[in-house]
Each structure stands twice: as structure tokens, then as C-alpha cells.
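Numbered from 1 within each chain, the chains take letters A, B, ... in sequence-line order.
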Number of protein chains: 2
Amino acid sequence: MISATEEDYIKAIFNISRKIKNAMVGTNQIAKEVNTSPASVTDMLKKLKTKDLIQYEKYKGVKLNPTGTKRAVLLLRRHRLWESFLVEKLGFGWDEVHDLAEQLEHIESDELINKLDDYLGNPKFDPHGDPIPDVQGIFTLRNQQLVQHLSVGESGIVVGVKKHDKDFLHHLSQFKIEIGKSISVLEKFAYDNSISVKIDGQKDIMIGAIISENVFVKKL
Amino acid sequence: MISATEEDYIKAIFNISRKIKNAMVGTNQIAKEVNTSPASVTDMLKKLKTKDLIQYEKYKGVKLNPTGTKRAVLLLRRHRLWESFLVEKLGFGWDEVHDLAEQLEHIESDELINKLDDYLGNPKFDPHGDPIPDVQGIFTLRNQQLVQHLSVGESGIVVGVKKHDKDFLHHLSQFKIEIGKSISVLEKFAYDNSISVKIDGQKDIMIGAIISENVFVKKL
DNA sequence: AATATTTTTTAGATTTGTCTAAAAATAAAT
DNA sequence: ATTTATTTTTAGACAAATCTAAAAAATATT
């Protein structure tokens, strides 16, 4: 039995160590991620170690072991499938589903999540374009690049985002930039890294660096 | 903020006091319902009182106040909508959904449950034939009676069950007795209260008192 | 290398929900 | 109406997850 709280710590360790591939994670980093004190993290790490979910020596940092990693991937699978359900079936916006999925991902049932997966048609990506691990924990890879790296004259289909916060997603929606839309680069301005683009063959707009550095497209 | 545990106690009080309309509920009864000790119940009752969810004087029993009742009805709404979703959309059997709904009903979001309601087409009854309270907390009433009270020659459509445990529901499914099926009474045996019936115009079977006393039909 | 800074861990307390065992109140029975 | 039995509450303790403040270890700086 792994509690929701323990799962949150596992997720945190997974998320942090994902950024710096396979690196040891520090107590302070985790504390920030789960919004608690470093002392609480130390307590929890001891517990997760006795439960054999992490590799941990005091003062030396943590790493998920295979069991912990498997759990983290399952949580990611649950989270992303619930997000897909909320957007595809219930009509939530992609900027509204994170907190709900955060609750739903702790519902304990393999049968439920696998049936949900089938019901959704076994999607490979969630509403933000992030890959959904399958039952085996396998992620589908995809070649993608940042809008920033498109040259003038090139175009691509929006397939994902690098930033996931509500405000950024909402901002994108206002520009009609969403998964599946096409983006063509008309002109690039080195001065402030802003780019003039055409969205979905519709009107031309200027996008700033924050957008071009955080939106992934698949080049056409 | 009401915790999942507190919600479980509110549900318990609601369920017990529903049987004996508006009666005061005892500590021991609640302890049995939530599977804990009477001492723990007393502790929780104190807390629920400070949160102004119940009417409670020591040694005199408990009753939900309007706020507590509202919460209990909301929980029933959530539970039954999730059960409907699990059966109608994900393909679970009606005998498999209780425990999952017990988890899902604690997900905190009015928007979620109302969107789910719409997605399901605002069903008035759940997979067991129990009424689903609407957003206002209003239950749809229905005239129904136990199979037991049908006379020889009469028939009805199965609309609900009185017993809800997994084994009973599974047993009914084996007899092809499910919501929507028709039941015609062919012969009644006073000796052991067994009844010979025809299910859905198909084959004749004998049903025992346990079934006839726990299956509701709408007379045709 | 010695000192200063940052990070991490321990120590001790708190909250939530639980327990057992004993005491108090209520209800039942003779 | 007293005794007996049942129900309920208190008292004290425990596990989970958290906190603050202080100590210990590791890292960085001069």
C-alpha cells in the first residue's frame, strides 16, 4: 500500500530527476516540489526507503529504484489519461484539468485505468501533447522541435508544450495556438526573438520568445 | 474543508438514519457502519459538531443538520453518477462498481460532477436503479414494488434492488435478472415463498424469497 | 587549510484518525 | 428500586505526516 502522499513524493523525485537525466535528487529540491519543509522530506525518504521504492543514503541524495520508477510511470499514465478524459469527453479546457487529474491519479485500480484507456481509444498523447505511457510503461516518441527553431518559410503542426502552467496555456488559447493547429513562420526578429507567424492559415500574429521557446511543432 | 474520512462518517449517519426516518443515530451503529471502534466515533462526532455538520449531545445520539444532510446528498449524487459512468461508459458490471465509486466520490469538484452528469445525459437512476439526486439535491420518485407483492399473472419491469452487496447482484445477473428485464409471475408457493417466473419472455425459472424480497419492479 | 555557507538531518511537538482499557451514563431486567 | 447489562464517553497511546529550531555534514570561499 502506497499512500497518496507517498505517491506525491515519488512523482516529485521522478519529475526532478527527469530534468537532469538519472541524477541524484536533493532534499531541498523535493521540499520545494511538494511544498513542504526539508525536514519532512527527510522523514518521508526514510519511509520510502523501508518500503523499497527509492535508493537513498543520508546526505547523498535520492534516486527512484526500478519499483519506484514503475510507480511514477503508472502515476503519469493515470494523470494523463484522466486529463484526456476531462478534455475529450467532459469538455474541460486544457488549462483547467491539471488539479483535477492530480486528485484522480490517486484512485487505486488498474482495471479502471485500463478500461479508461480503452474507452478513450488508447491515446498516445494527452491534451498537452505529452506522451501517455501504455500498460507496459512504454512512451511513444515523436520528432518535434520548438517553434523557435523553425526557419522563415517553414511550417509545422503544434504537437506539444514545454511549459504547463495554467496561465501560459490560457494565453496560448487566446492566440488560437492549440494542439493540431498549424504555424508558419513569416519573419523572425533577432532583436527580441519575436516571430511573425500565421496560425492555421488564418491571420498573422506576432509571438514573443516565451511562446516560441515553449511550443513544440512537428515540421511539415 | 471536509476530509474523506469525515465524509465517510457523514455518509454512515445518513445511511443509518434513512432506514428509520429521521431517527437519532447511535455511536455503536456508526462504528459498525464505518468499521471502527465506538471510541473513534465519539472523537469524530465531536469534530463534526465543531464543523457544524451534525446535531449532537453526548449520550443522546446524532443527527445530520441541514448542512450535513446537503453534503450527504452530494456524496450520494457523486457516488451514483460515478457508478453510472463506470457501467455505462467503461463497461463494468453493476456488481463491480461500488468500491471504485467509494473512492471517486471523494474527488472534490462541483464542476467535474456536473459535467459528468451532463455527459451521461443527466440520468435519473443509477445502474442499481437508485435515484440520482440532481444539482439541487432532488430525487426522482418512482412507483415500484417488490416482486414478492406481484400476484400470479401480473408482470413488471425490473427497476431496482433492495440489497446492494456484490454477491447478491452477481447472483441476479446469473439469473439474467437485471434492470430493464421483465418478470411475469407464473405461480407462487406459500410453503417457502418461492415463485415461478418468466424472465424477459424467455425461460421460466424458480426464484427464492431472497430474490423476490429484494428486487423492485414497476408493474405493467 | 581554515572558515563560512548551504544543505541535510535530528530532536521534539502538533494534528488527524485511530486504538485499548477503564469509567460514566443510560437502558433493561429481575 | 436495585442490580445487571449495554452503550457511550474519557484517558492515554500510537502511527502518519507535518512543523520549527538546533545540530551535523557537505560544499564553497578565501
Asker: Within less than 4.0 Å of OP1 or OP2 of D:dT10, is there a side-chain N or O belonging to B:Lys46?
Answerer: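 The answer is yes; a side-chain N or O of B:Lys46 sits under 4.0 Å from OP1 or OP2.
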Asker: For A:Glu6, answer base if it contacts any base atom (sugar-phosphate contacts may also be present), sugar-phosphate if it contacts only those atoms, and nothing otherwise; contact means non-hydrogen atoms under 4.0 Å.
Answerer: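 Here A:Glu6 touches the backbone only, sparing every base.
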Asker: Please figure out whether A:Ser3 or B:Gly61 has its closest DNA chain D nucleotide nearer the 5' end.
Answerer: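 Mapping each residue to its closest nucleotide by heavy atoms, the 5'-most match is B:Gly61.
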Asker: Can you measure B:Leu45 atom CG to D:dT9 atom P for me and round it to whole angstrom units?
Answerer: 7 Å
Asker: Under 4.0 Å between a side-chain N or O of B:Thr27 and OP1 or OP2 of D:dT9?
Answerer: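 So the side chain of B:Thr27 is within the cut-off, an N or O lying under 4.0 Å from OP1 or OP2 of D:dT9.
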Asker: Roughly, in whole Å, what's the span from CD1 in A:Ile16 to P in C:dT7?
Answerer: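 Roughly 14 Å, once rounded to whole Å.
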Asker: Give a yes or no on whether a salt bridge exists between A:Glu213 and A:Lys162, defined as a side-chain N under 4.0 angstrom from a carboxylate O.
Answerer: no
Asker: Nearest-nucleotide wise, let me know which of A:Asp43 and A:Tyr59 is further upstream toward the 5' end of DNA chain D.
Answerer: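 Of the two residues, A:Asp43 wins.
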Asker: Do any side-chain nitrogens or oxygens of B:Tyr56 fall under 4.0 Å of OP1 or OP2 in D:dT8?
Answerer: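 So the side-chain polar atoms of B:Tyr56 never come under 4.0 Å of the phosphate oxygens OP1 or OP2 of D:dT8.
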Asker: Could you tell me how far apart B:Gln29 (CD) and D:dT8 (P) are, to the nearest whole angstrom?
Answerer: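 Nearest whole value for this atom pair: 7 Å.
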Asker: Using a cut-off of 4.0 Å on non-hydrogen atoms, how would the nucleic acid contact of A:Thr5 be classed: base, sugar-phosphate, or nothing?
Answerer: sugar-phosphate
Asker: Between B:Asn28 and D:dT8, does any side-chain N or O lie under 4.0 Å from OP1 or OP2?
Answerer: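 Affirmative; the distance criterion is met.
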Asker: Please check if any side-chain donor atom of A:Asp95 sits under 3.5 Å from a side-chain acceptor atom of A:His171, or the reverse.
Answerer: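 No donor-acceptor contact under 3.5 Å links the two side chains.
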Asker: Would you mind reading off the distance between B:Tyr9 atom OH and C:dT16 atom P, rounded to a whole angstrom?
Answerer: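 The distance from OH of B:Tyr9 to P of C:dT16 comes to 14 Å, rounded to the nearest Å.
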Asker: B:Glu57 CD to C:dT26 P: how many Å, rounded?
Answerer: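 Answer to the nearest Å: 12 Å.
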Asker: Is A:Thr36 touching bases, backbone alone, or none of the nucleic acid, heavy atoms closer than 4.0 Å?
Answerer: sugar-phosphate
Asker: Apply the test salt bridge (Lys or Arg N to Asp or Glu O under 4.0 Å) to residues B:Glu102 and B:Lys11: give CA-CA distance (whole Å), side-chain angles for both, the deciding distance (0.1 Å), then the verdict.
Answerer: CA-CA 11 Å; B:Glu102 206 83 337; B:Lys11 271 173 50 192; 3.0 Å; yes
Asker: Using side-chain contact (heavy atoms from CB on, under 4.5 Å) as the criterion, point out the one residue from B:Leu116, B:Leu120, B:Asn122 that pairs with B:Asp118.
Answerer: B:Asn122
Asker: Base, sugar-phosphate, or nothing: which does B:Lys60 touch, judged by heavy atoms less than 4.0 Å apart?
Answerer: nothing
Asker: How close or far is atom P of C:dT16 from atom CD of B:Glu7, stated in whole angstroms?
Answerer: 16 Å
Asker: Salt bridge or not between A:Arg78 and A:Glu83? Use side-chain N to carboxylate O under 4.0 Å.
Answerer: no
Asker: Tell me the interatomic distance from B:Lys51, atom NZ, to C:dT15, atom P, rounded to whole angstroms.
Answerer: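 Distance check: B:Lys51 NZ to C:dT15 P gives 14 Å.
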Asker: Just checking B:Ser40: base, sugar-phosphate only, or nothing, at a heavy-atom cut-off of under 4.0 Å?
Answerer: base
Asker: Whole angstroms only, please: what is the CD1-P distance between A:Ile30 and C:dT7?
Answerer: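 In whole Å, C:dT7 P and A:Ile30 CD1 are 14 Å from each other.
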